[in-house]
Amino acid sequence: MIKDNIYKLLNEQINKEMFSAYLYLDISNYYINNGLDGFGNWFKIQAKEEMDHAMLFIQYMQNNGLAIKLSEIEGPEMEYNSYDIPLNEALTHERFITSSIHNIYDFAFQAKDYRTMQFLDWFIKEQGEEEKNVEDLIQKYKNFGNDSKGLYLLNQELLARVYAPPSLVLD
Ligand code: OFO
């Protein structure tokens with residue numbers, strides 16, 4: 001039996017993952033509007049992954065007999081005045097999501113809710129990878145993004161990213 005406080009946090013996490021998808025779609029649109037289709041592609045795939053995460057939380061809750069309560073998804077209201085701003089915003093956001101997942105884990109640990117802890121293990125690893133991916137992208141932008149040829153090549157590299165479904169599958 002999953003405790004009420006954990007139920008509430010799991011349900012809220014669905015909204016946070018969907019907001020992540022919105023944020024990354026917003027960033028994707030910004031880059032596409034500015035002719036950087038590779039950056040746009042990278043963030044569009046990121047948005048798809050976030051929707052996958054939301055679906056995993058939904059599936060986990062349903063598998064445990066918990067009713068889902070969907071709430072309104074906020075619209076991202078960011079102003080992007082330079083190409084590096086969305087990258088830094090993405091890193092700040094990923095760190096926020098990591099702390100949110102860790103918080104659920106803390107409560108699951110206190111409640112000896114081993115099932116939820118095991119479910120969250122995948123997300124803890126995933127967040128580590130996502131933070132690293134954005135950090136690497138920021139570093140690449142710092143190294144190459146300020147020169148037009150470097151920016152072109154980096155954009156081409158990001159255009160090659162392809163979507164892959166999550167490695168976590170819930171029956
Ligand atoms: Fe859902 O992993 Fe990023 O936020």
Side-chain angles (χ1 to χ4, degrees), residues 1-32 39-80 84-138 161-171:
M1 184 71 186
I2 291 179
K3 291 226 164 84
D4 276 356
N5 59 344
I6 295 166
Y7 162 68
K8 191 168 163 281
L9 292 171
L10 290 169
N11 200 75
E12 283 170 5
Q13 192 64 31
I14 297 169
N15 188 281
K16 288 179 184 169
E17 300 293 342
M18 291 302 284
F19 176 77
S20 303
Y22 260 35
L23 177 65
Y24 295 149
L25 276 178
D26 192 51
I27 293 175
S28 172
N29 293 338
Y30 163 75
Y31 284 124
I32 288 171
F39 284 75
N41 173 60
W42 199 91
F43 276 97
K44 200 181 284 180
I45 289 170
Q46 202 64 27
K48 282 188 193 163
E49 290 193 359
E50 298 303 347
M51 285 188 257
D52 289 336
H53 297 167
M55 296 304 281
L56 284 167
F57 274 92
I58 289 172
Q59 188 65 52
Y60 177 72
M61 290 178 70
Q62 287 174 337
N63 287 356
N64 286 280
L66 301 173
I68 313 294
K69 288 186 195 147
L70 294 177
S71 52
E72 190 179 352
I73 304 164
E74 218 183 296
E77 287 184 19
M78 295 299 299
E79 287 284 331
Y80 308 122
D84 59 329
I85 289 177
L87 305 178
N88 292 316
E89 178 60 28
L91 182 57
T92 302
H93 184 71
E94 282 307 320
R95 287 176 177 160
F96 164 71
I97 294 294
T98 297
S99 68
S100 177
I101 299 236
H102 287 181
N103 183 51
I104 309 173
Y105 198 96
D106 278 346
F107 280 101
F109 180 76
Q110 282 164 31
K112 295 192 164 68
D113 181 346
Y114 301 115
R115 196 183 301 165
T116 299
M117 285 159 66
Q118 193 202 31
F119 166 67
L120 292 175
D121 279 342
W122 184 87
F123 282 90
I124 290 168
K125 185 162 174 271
E126 175 76 4
Q127 281 309 121
E129 287 170 10
E130 291 206 335
E131 284 188 29
K132 169 92 170 57
N133 289 342
V134 183
E135 281 164 6
D136 288 352
L137 187 50
I138 290 172
R161 184 182 184 191
V162 289
Y163 167 75
S167 59
L168 177 63
V169 178
L170 297 182
D171 299 324

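A salt bridge between Lys132 and Glu94 is absent, with no side-chain N of the basic residue lying under 4.0 Å from a carboxylate O of the acidic one.
Judged by distance alone, the side chain of Asp26 and the main-chain N or O of Tyr22 form no donor-acceptor pair under 3.5 Å. Under the 3.5 Å distance criterion, the side-chain polar atoms of Asp84 are left unmatched by any main-chain donor or acceptor of Ile138. Of the possible polar contacts, one joining the Asn63 side chain to the Asp171 backbone as a donor-acceptor pair under 3.5 Å is found.
When side chains are defined from C-beta on, Pro86 does not count as touching Phe39, because their heavy atoms never get closer than 4.5 Å. Residues Val134 and Trp42 form a side-chain contact, since some pair of their non-hydrogen atoms from C-beta on lies under 4.5 Å apart. Counting only heavy atoms from C-beta outward, the side chains of Leu120 and Phe57 approach each other to under 4.5 Å. Residues Leu23 and Met78 have side chains in contact (heavy-atom distance under 4.5 Å, counting atoms from C-beta outward).
Summarising the geometry of Ala108 relative to Ile6, their closest heavy-atom pair is CA-CD1, 3.7 Å, with the distance given to 0.1 Å.
Residue-environment remark: CD (Glu74) stays at or below the threshold of 12 foreign heavy atoms within 6.0 Å. In Met51, the CE atom is crowded: over 12 heavy atoms of neighbouring residues, nucleotides or ligands sit closer than 6.0 Å. No more than 12 heavy atoms of other residues, nucleotides or ligands lie within 6.0 Å of NZ in Lys44, so this atom counts as exposed by the packing criterion.
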- request: Would you check, one step at a time, whether the test side-chain contact (heavy atoms from CB on, under 4.5 Å) holds for Glu130 with His53?
  value: CA-CA 12 Å; Glu130 291 206 335; His53 297 167; 3.5 Å; yes

- request: Evaluate the criterion side-chain contact (heavy atoms from CB on, under 4.5 Å) for residue pair Phe123 and Ile97; output intermediate values, then yes/no.
  value: CA-CA 10 Å; Phe123 282 90; Ile97 294 294; over 6 Å; no

task: Using the side-chain contact (heavy atoms from CB on, under 4.5 Å) rule, take Ile14 and Met61 through it: C-alpha gap first, then chi angles, then the decisive distance, then the call.
output: CA-CA 10 Å; Ile14 297 169; Met61 290 178 70; 3.8 Å; yes

query: Please walk me through it: do Asn133 and Glu129 pass side chain to side chain donor-acceptor pair (under 3.5 Å)?
result: CA-CA 6 Å; Asn133 289 342; Glu129 287 170 10; 6.0 Å; no

- request: Please report the C-alpha distance between Asn41 and Tyr163 in whole Å, then the side-chain angles of each, then the deciding distance to 0.1 Å, and finally whether the side-chain contact (heavy atoms from CB on, under 4.5 Å) criterion is met.
  value: CA-CA 10 Å; Asn41 173 60; Tyr163 167 75; over 6 Å; no

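Between Glu17 and Gln13, the side chains place a donor N or O and an acceptor N or O closer than 3.5 Å (distance only, hydrogens not considered).
Scanning for ring pair (Phe, Tyr, Trp, His ring centres under 6.0 Å) contacts around Tyr60 gives Phe119, with sequence neighbours left out. Residues meeting the ring pair (Phe, Tyr, Trp, His ring centres under 6.0 Å) test with Tyr80, sequence neighbours left out: Tyr30. Checked against ring pair (Phe, Tyr, Trp, His ring centres under 6.0 Å), Phe19 has the following partners two or more places apart in sequence or in another chain: His93.
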